[in-house]
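Since the structure is predicted, the reported quantities are computational estimates derived from the model, not experimental observations. Chain identifiers are assigned alphabetically (A, B, ...) following the order of the sequence lines, protein sequences preceding nucleic acid strands; residue numbering begins at 1 within each chain.
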Protein chains: 2
Amino acid sequence: MNSPIRPPADAALAHGEASALIVRLLPFIGERRLEPGDRLPSERLLAERFGVTRAIVREAIAKLEAMRVVERRPRSGVYLRAESQVGSLDAIVMKADLGLPFDLRESDHLSEFRSILETQAIELACVRRTQEDIDRLDACMSACRERFGRGESIAQPSADFHLAVVAATHNQFLLRAANSCYLATRELREAVFTDPTVCRRSIRDHQKIRDAIVKGSVTLARRAMKDHLHVANHYWRTQFATGEAAAGAASPAKHRRRRGPMTR
Amino acid sequence: MNSPIRPPADAALAHGEASALIVRLLPFIGERRLEPGDRLPSERLLAERFGVTRAIVREAIAKLEAMRVVERRPRSGVYLRAESQVGSLDAIVMKADLGLPFDLRESDHLSEFRSILETQAIELACVRRTQEDIDRLDACMSACRERFGRGESIAQPSADFHLAVVAATHNQFLLRAANSCYLATRELREAVFTDPTVCRRSIRDHQKIRDAIVKGSVTLARRAMKDHLHVANHYWRTQFATGEAAAGAASPAKHRRRRGPMTR
DNA sequence: CGTACCAATCTGGTAATACCAGAAAGCGAC
DNA sequence: GTCGCTTTCTGGTATTACCAGATTGGTACG
């Protein structure tokens with residue numbers, strides 16, 4: 001199983017009324033000026049207000065609770081948590097998943113976070129990589145080249161490569177955090193990685209990174225990764241700005257409802 | 001109602017049948033040898049099997065879905081996702097929250113992850129800290145000293161200090177990731193931070209860190225943080241080992257049910 | 001008056017049941 | 001065999017009801 005470790009399917013939160021309710025719930029919280037510690041309306045009221053069942057409300061709240069956006073107190077109510085302090089990483093990732101936009105500041109912070117993870121990860125990867133890790137890197141490289149040759153976007157195999165690097169640290173926490181980053185930026189990456197210039201540059205950089213890891217040279221690898229991330233973040237920022245400009249009214253991140261047979 | 005500082009209330013996932021079901025569900029997945037991509041039994045079967053309602057099953061699955069442990073495919077089934085690749089950071093944090101044990105390997109990886117976040121964070125903090133950030137650091141220091149003076153555990157204010165450092169980066173992603181780390185280790189930290197030696201050492205180290213941040217000296221701060229983390233991780237590892245040995249009995253703080261080891 | 005106590009009424013937590021629509025499997029007709 | 005129907009799965013949603021803490025309001029008592 002050398003293929004890049006990737007889920008067969010799309011992201012998770014897009015289905016059903018419960019997710020739709022979350023999307024409507026967040027602005028509702030905003031316009032009500034609810035602050036951390038405040039209580040949300042009762043489940044029954046919310047159900048009535050949004051025209052759904054209590055079961056739907058409870059499912060939505062369960063998800064928000066899992067992401068530490070909200071806290072349930074039995075027989076008392078549902079309370080908003082202090083977002084910045086207790087929200088989970090995925091509570092932000094979810095924003096993208098639900099079609100809510102990032103602002104530029106958040107985008108930069110995400111880039112910074114990703115850079116931190118990956119520059120540290122590659123050093124560990126140089127030391128810990130196994131043959132299997134290297135095979136996975138090569139598989140991603142092949143996938144990139146193949147897709148590029150067909151003129152397709154290399155967004156996914158490129159992300160897979162980066163994740164494969166992190167995976168070579170064999171540290172689950174690093175891997176999961178990095179994965180969240182790539183989930184959060186999936187849509188915009190699609191756009192960035194259609195530009196042939198970007199693709200060529202990426203593939204070249206990835207090759208350097210891969211070679212450095214194989215060689216086990218920490219300094220080489222870190223240098224290569226830093227260079228790559230620097231350029232990548234630049235492209236990313238540019239793309240984000242243009243996307244931001246075009247993101248006027250309707251959120252373009254909405255065509256996610258794929259229902260295909262899902263070959264697995 | 002505005003109590004000074006809200007004792008973070010108990011963590012999130014601990015209430016009710018849905019959470020209990022998650023705890024029973026994970027071992028169930030394990031003993032059934034379900035692998036990524038496999039389908040879970042239908043909701044109705046699970047409900048019958050575990051003696052709860054479908055509503056409970058759905059709530060539990062909603063949480064697992066939010067943490068990207070499983071994936072729902074409408075009118076098809078609930079499928080296990082590739083854990084290492086797609087699970088969220090909080091899917092691991094949850095383990096602690098549900099009373100499931102870490103193994104030593106995971107514990108070390110968590111320490112490593114935390115160290116990466118915080119050593120990078122402190123550099124940014126040196127540059128970006130505002131007066132408000134410094135005030136927060138000082139408040140945490142005071143809380144530490146006060147509690148230590150009363151002979152209480154400084155686990156919470158100590159964690160608050162570390163989080164305040166990360167908060168000074170003004171990077172939400174860093175903060176949330178770091179926060180997840182401290183949530184995951186809450187219980188064990190309580191034990192570690194009752195030892196006066198540890199407390200004294202921590203407070204001293206924190207003071208150094210705080211001063212370096214105020215001074216804005218990146219090199220000093222990084223040095224101080226690295227030293228502190230090194231020692232802290234040592235204490236932590238020791239405590240973990242002893243805790244592991246005594247883990248035959250139930251978790252000391254909670255009277256939560258736990259089943260088999262199931263660490264996969 | 002003030003206070004202690006009690007009952008109506010909130011809350012979330014859980015249960016039981018039913019129906020819908022897509023998907024898949026069985027199965028008969030050809 | 002293959003086509004096409006029907007049955008039987010699946011999750012998705014709605015409805016209703018009851019339980020038990022918590023809150024609240026009022027009332028009876030001191």
Side-chain angles (χ1 to χ4, degrees), chain A residues 8-25 29 34 37-66 68-81 256-264, chain B residues 1 3 9-25 34 37-66 68-81 98 256-257:
Chain A
D10 246 78
L13 265 34
H15 297 300
E17 287 291 323
S19 301
L21 179 57
I22 292 181
V23 180
R24 296 164 63 196
L25 215 44
I29 291 172
L34 294 187
D38 286 351
R39 212 199 69 175
L40 268 61
S42 75
E43 295 180 349
R44 291 173 174 86
L45 278 181
L46 286 177
E48 186 184 359
R49 167 77 167 73
F50 291 103
V52 292
T53 323
R54 247 187 91 197
I56 303 293
V57 173
R58 285 186 61 80
E59 255 200 65
I61 291 178
K63 288 188 177 184
L64 291 176
E65 189 190 14
R68 301 201 302 275
V69 173
V70 120
E71 173 192 356
R72 287 207 248 220
R73 301 188 201 161
R75 280 157 242 100
S76 169
V78 179
Y79 294 81
L80 212 57
R81 305 187 75 147
R256 163 150 338 136
R257 284 285 125 138
R258 100 191 158 337
R259 258 143 210 215
M262 179 138 346
T263 66
R264 160 70 181 130
Chain B
M1 68 167 235
S3 62
D10 229 11
L13 265 33
H15 299 299
E17 285 294 321
S19 300
L21 179 57
I22 292 181
V23 181
R24 297 201 287 158
L25 215 43
L34 295 186
D38 285 351
R39 212 200 71 176
L40 268 61
S42 75
E43 295 181 351
R44 289 173 174 86
L45 278 180
L46 287 177
E48 186 183 0
R49 168 78 165 73
F50 290 104
V52 293
T53 325
R54 250 188 87 199
I56 303 294
V57 174
R58 285 187 62 80
E59 256 201 65
I61 291 178
K63 288 187 177 183
L64 291 177
E65 189 191 12
R68 303 200 301 274
V69 174
V70 300
E71 171 195 0
R72 288 205 240 218
R73 300 186 201 166
R75 278 154 240 104
S76 169
V78 179
Y79 294 82
L80 211 59
R81 305 187 75 148
L98 294 176
R256 226 177 266 135
R257 62 220 113 171

Got a sec, which residues hit side chain to side chain contact (heavy atoms under 4.5 Å, CB included) with [X], two or more places apart in sequence or on another chain?
X: B:L45; answer: B:P41, B:S42, B:E48
X: A:E17; answer: A:V52, A:I56
X: B:R49; answer: B:F28, B:E31, B:R32

Q: Any chance you could measure A:I61, atom CD1, to A:E71, atom CD, to the nearest 0.5 Å?
A: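 Answer for the CD1-CD pair, A:I61 versus A:E71, is 12.5 Å.
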Q) CZ of A:R54 to CD of A:E43: how many Å apart, nearest 0.5 Å? A)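 A:R54 CZ to A:E43 CD: 5.0 Å, rounded to 0.5 Å.
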Q.
Going 5' to 3' along DNA chain D, which are the first and last nucleotides with any atom under 4.0 Å from a heavy atom of chain B?
A.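 First-to-last contact on DNA chain D, by the 4.0 Å heavy-atom rule, is D:dT10 to D:dT13.
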(Q) Going by side-chain contact (heavy atoms from CB on, under 4.5 Å), A:L40 matches just one of A:L64, A:V57, A:L34. Which one? (A)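 Per the side-chain contact (heavy atoms from CB on, under 4.5 Å) rule, the option paired with A:L40 is A:L34, out of A:L64, A:V57, A:L34.
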Please tabulate the protein-to-nucleotide N/O contacts below 3.5 Å involving nucleotides 13-15 of chain C, giving atom names and distances.
from   : atom 1 : to    : atom 2 : distance (Å)
C:dG13 : OP2    : A:R58 : NH1    : 2.6
C:dG13 : OP2    : A:R58 : NH2    : 3.2
C:dG13 : N7     : A:R54 : NH2    : 2.8
C:dG13 : O6     : A:R54 : NH1    : 3.2
C:dT14 : OP1    : B:E17 : N      : 2.6
C:dA15 : OP2    : B:T53 : N      : 3.3
C:dA15 : OP2    : B:T53 : OG1    : 2.8
C:dA15 : O5'    : B:T53 : OG1    : 3.0

Q. Checking A:R72 side chain against A:E65 main chain: does a donor-acceptor pair fall under 3.5 Å?
A.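 Looks like no, no N/O pair under 3.5 Å.
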(Q) Test of understanding: with side-chain hydrogen bond (donor to acceptor under 3.5 Å, both in side chains), list the residues that count as partners of A:S76, not counting sequence neighbours. (A)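 With sequence neighbours excluded, A:S76 shows a side-chain hydrogen bond (donor to acceptor under 3.5 Å, both in side chains) to A:Y79, given in chain and number order.
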Q) A:E71 CD to C:dT11 C1': how many Å, rounded? A)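 For the pair A:E71 CD and C:dT11 C1', the rounded distance is 15 Å.
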